[in-house]
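Report on one structure; see the data block that follows.
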Amino acid sequence: MSLCIATGVAVLSLATSSFTLSWTHSVERIEWWERWEATEAGLRPVEARIQGSGAGMELPPDAWREADGWHYIPRLPPQREVRLAASGMAAGGWRLCAAGECHELGAEAGEGLRLWQADDCG
């Protein structure tokens with residue numbers, strides 16, 4: 001299976017079972033980071049980190065503080081697909097890293113990002 005990434009008209013296929021997503025919150029200008037796994041049941045977030053809380057960024061009650069920010073384990077079941085929308089207010093889009101490579105995606109306002117897994121991303 002491959003991780004399929006669609007942004008605009010382009011589709012990117014990555015052979016990976018895990019990846020990270022990071023972005024800057026549009027209002028608070030705080031970095032948000034998530035680690036995801038591609039499982040048989042779908043894409044599943046397994047770890048998250050934010051630098052602080054703010055508008056729309058409430059920390060879960062079981063979050064713990066480390067030197068690089070607040071960490072927590074997302075309580076979200078595996079997803080068949082993940083859709084992200086760009087408001088154009090954030091400083092850039094998303095940074096997706098997998099298998100030692102990072103990709104800057106969805107920096108334009110209105111340009112969304114769709115993630116899913118498949119044998120063929122076409």
Cluster check Leu84, Leu12: I/L/V/M/F/W/Y, side chain < 4.5 angstrom: yes
Result of checking Leu14, Thr20, Thr7 against Leu96 for side chain to side chain contact (heavy atoms under 4.5 Å, CB included): Leu14
ILVMFWY network linking Trp70 to Trp23, side-chain heavy atoms under 4.5 angstrom: yes
Candidate list Leu105, Val82, Leu115, test side chain to side chain contact (heavy atoms under 4.5 Å, CB included), partner Leu21, passing option: Leu115
For the student: nearest non-hydrogen atoms of Glu31 and Ser22, plus distance: OE2-CB, 3.9 Å
Donor-acceptor pair, side chain of Thr16 and main chain of Ser18, under 3.5 angstrom: yes
Atom of Gly42, atom of Arg80 and distance for their closest heavy-atom approach: N-NH1, 4.2 Å
Polar side chain donor-acceptor pair, Trp36 to Glu34, under 3.5 angstrom: yes
Sidechain N-carboxylate O distance under 4.0 Å for Arg49, Glu47: no
side-chain contact (heavy atoms from CB on, under 4.5 Å) evaluation trace for Met1 with Asp119: CA-CA 5 Å; Met1 287 255 186; Asp119 290 327; 3.8 Å; yes
Interatomic distance, Trp32 atom CH2 to Thr24 atom OG1 [nearest 0.5 angstrom]: 12.5 Å
Trp94 CH2 to Ile5 CD1 distance, which is reported to the nearest 0.5 Å: 12.0 Å
Residue pairs involving residues 36-46 (criterion salt bridge (charged side-chain N to carboxylate O under 4.0 Å, His left out); sequence neighbours excluded): Arg35-Glu37, Glu37-Arg44
Considering all heavy atoms, the nearest Trp116-Glu81 contact: CB-CB, 4.0 Å
Spacing of SG belonging to Cys4 relative to CG belonging to Asp120, to within rounding of 0.5 Å: 7.5 Å
Let me check something: any side-chain donor-acceptor pairs from residues 71-78 under 3.5 Å, sequence neighbours excluded? List them with distances.
from, atom 1, to, atom 2, distance (Å)
His71, NE2, Asp68, OD1, 2.6
Arg75, NH2, Asp62, OD2, 2.9

